[in-house]
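Values reported hereafter were calculated over all heavy atoms of this structure, with side chains retained and with hydrogens, waters and symmetry mates removed.
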Amino acid sequence: MPATAPEMGVAPPRGRGRPPKGAVPSGAAGSAARLGRPPLMADPRAEILRQAAQLFAQKGYVESSLNELAAAMNYSKGAIYNYFSSKQEIYDAIIIFTLTGLYETAARAVNEADPPVERLRQFMMAHARFLADNYDCFVTMLVGFSGMANSGLKDDALALRDAHEGLLRRILQDGVADGSFREVSAAMTGRAVLSLLSWMVRWFKPGGGKSAEEVAQEYHDLLVRGLMA
């Protein structure tokens, strides 16, 4: 995940085009739906994002088409246009969904009353858990982050990324301040932690071998032994 100096405490933006909260459910579309008419489901828009993320993760954005997406969902192409105006808009929405969920998941997991070593573990476990639970969206985000077309949504994405990284940097700064960690650069160390966590998507596959949280725990133990004063 690319890093820029975060605005500490930045609130996640509420830009237009964002998927509804709790979007991208795990349930598949109903197989009995008529072609061209979205099946009766709690959130058709979220299901489009879920299916599109799977397609983009498998084939890449450029090689994927709305026709393929429509066929996979038993939709007509026109039915998809009821929710999104283009493939690019779907792509951008997946990135916003992923960054929103990543930040909110980590923010909920971190208990500010706990010592920095434990908060670092909570952050890393939450990041890894969200990656595993939203694997296709995460692959799409890492491949496509720099290719967002909507400038307003790209600003939202940058703010969300910076908020997530800012949470991590504050944990590291607190650890240095109270003597839990040796003197390190929170910016550089934060980038290293995020690289370890995010780019495990290159080799990690949900359901195979260790869980994402087990990997994150091992990373945490390795890092903390190197950070301890």
Side-chain angles (χ1 to χ4, degrees), residues 1-14 18-19 21-24 95-135 137-139 141-142 145 155-206 209-229:
M1 185 179 294
T4 60
E7 293 294 330
M8 294 304 182
V10 64
R14 298 295 176 188
R18 176 166 304 164
K21 265 196 158 179
V24 193
I95 294 171
I96 292 295
F97 161 79
T98 307
L99 287 170
T100 300
L102 185 63
Y103 169 73
E104 292 182 349
T105 299
R108 285 194 300 268
V110 172
N111 183 350
E112 295 296 335
D114 287 336
V117 171
E118 175 59 17
R119 279 187 280 148
L120 178 61
R121 189 190 73 83
Q122 292 163 354
F123 178 96
M124 293 179 70
M125 297 284 277
H127 187 116
R129 183 168 58 251
F130 184 85
L131 181 153
D133 290 345
N134 300 274
Y135 179 80
C137 290
F138 217 95
V139 171
M141 179 192 73
L142 288 181
F145 182 80
D155 287 344
D156 279 1
L158 289 168
L160 286 161
R161 182 200 66 183
D162 288 352
H164 185 63
E165 186 175 353
L167 176 61
L168 173 58
R169 288 191 188 187
R170 289 193 299 277
I171 293 169
L172 296 170
Q173 289 165 343
D174 288 348
V176 171
D178 75 1
S180 298
F181 303 151
R182 62 185 174 85
E183 290 286 341
V184 294
S185 163
M188 186 169 66
T189 306
R191 292 187 192 107
V193 172
L194 291 173
S195 293
L196 281 172
L197 293 170
S198 294
W199 289 105
M200 64 187 274
V201 79
R202 290 292 192 187
W203 58 266
F204 173 81
K205 293 291 185 296
K210 292 181 179 179
S211 70
E213 288 176 298
E214 287 173 329
V215 173
Q217 181 67 60
E218 291 191 11
Y219 280 160
H220 173 265
D221 294 345
L222 177 65
L223 285 165
V224 166
R225 290 192 182 103
L227 288 169
M228 295 293 281

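Judged by distance alone, with hydrogens and angles left aside, the side-chain atoms of Q173 form no donor-acceptor pair with the main-chain N or O of A186 at under 3.5 Å. In terms of modelled atom types and a separation under 3.5 Å, the side chain of Y135 and the main chain of K205 share no donor-acceptor contact. The backbone N or O of S211 sits less than 3.5 Å from a side-chain atom of E214, completing a donor-acceptor pair.
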Item to complete: Could you walk me through whether D174 and F181 pass side chain to side chain contact (heavy atoms under 4.5 Å, CB included), step by step?
Response: CA-CA 9 Å; D174 288 348; F181 303 151; over 6 Å; no
Practice prompt. Could you walk me through whether H127 and L168 pass the side chain to side chain contact (heavy atoms under 4.5 Å, CB included) test, one step at a time?
Written response: CA-CA 11 Å; H127 187 116; L168 173 58; over 6 Å; no
Item to complete: Begin from the C-alpha positions of R191 and L194 and carry the test side chain to side chain contact (heavy atoms under 4.5 Å, CB included) through to its verdict.
Response: CA-CA 5 Å; R191 292 187 192 107; L194 291 173; 5.9 Å; no
Practice prompt. For Q217 and D221, run side chain to side chain contact (heavy atoms under 4.5 Å, CB included): C-alpha distance rounded to whole Å, both residues' side-chain angles, the deciding distance at 0.1 Å, then the answer.
Written response: CA-CA 6 Å; Q217 181 67 60; D221 294 345; 3.0 Å; yes
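The minimum heavy-atom distance linking L102 with F138 is given by the pair CD1-CE1, 4.0 Å. When all heavy atoms of A132 and F204 are compared, the closest pair comes out as CB-CE2, 4.0 Å. Summarising the geometry of L120 relative to I171, their closest heavy-atom pair is N-CG2, 3.7 Å, with the distance given to 0.1 Å. Between A109 and Q122, the shortest heavy-atom contact is O-OE1, 3.4 Å. Nearest heavy-atom pair across L131 and L197 is CD1-O, 3.5 Å. T105 and F130 make their closest contact through OG1-CD1, 3.5 Å (heavy atoms, listed as atom of the first residue, atom of the second, distance).
Aromatic pair H220/F123: ring centres not closer than 6.0 Å.
Between the CG atom in D156 and the CG atom in L99 there is a gap of 10.0 Å [rounded to 0.5 Å]. A distance of 12.5 Å separates CG in D162 from CG in L167, rounded to the nearest 0.5 Å. Note that the CZ atom of R182 and the OG1 atom of T189 stand 7.5 Å from one another [nearest 0.5 Å]. Between I95 atom CD1 and L142 atom CG the span is 9.5 Å, to the nearest 0.5 Å.
Residues N134 and M141 are not in side-chain contact: their nearest non-hydrogen atoms beyond the backbone lie 4.5 Å or more apart.
Ring pair Y103/H164 is perpendicular by interplanar angle, where above 60° counts as perpendicular and below 30° as parallel.
Under the side chain to side chain donor-acceptor pair (under 3.5 Å) criterion, D178 pairs with S180, sequence neighbours left out.
Classification of D114 and R121 as a salt-bridged pair fails, no side-chain N sitting under 4.0 Å from a carboxylate O.
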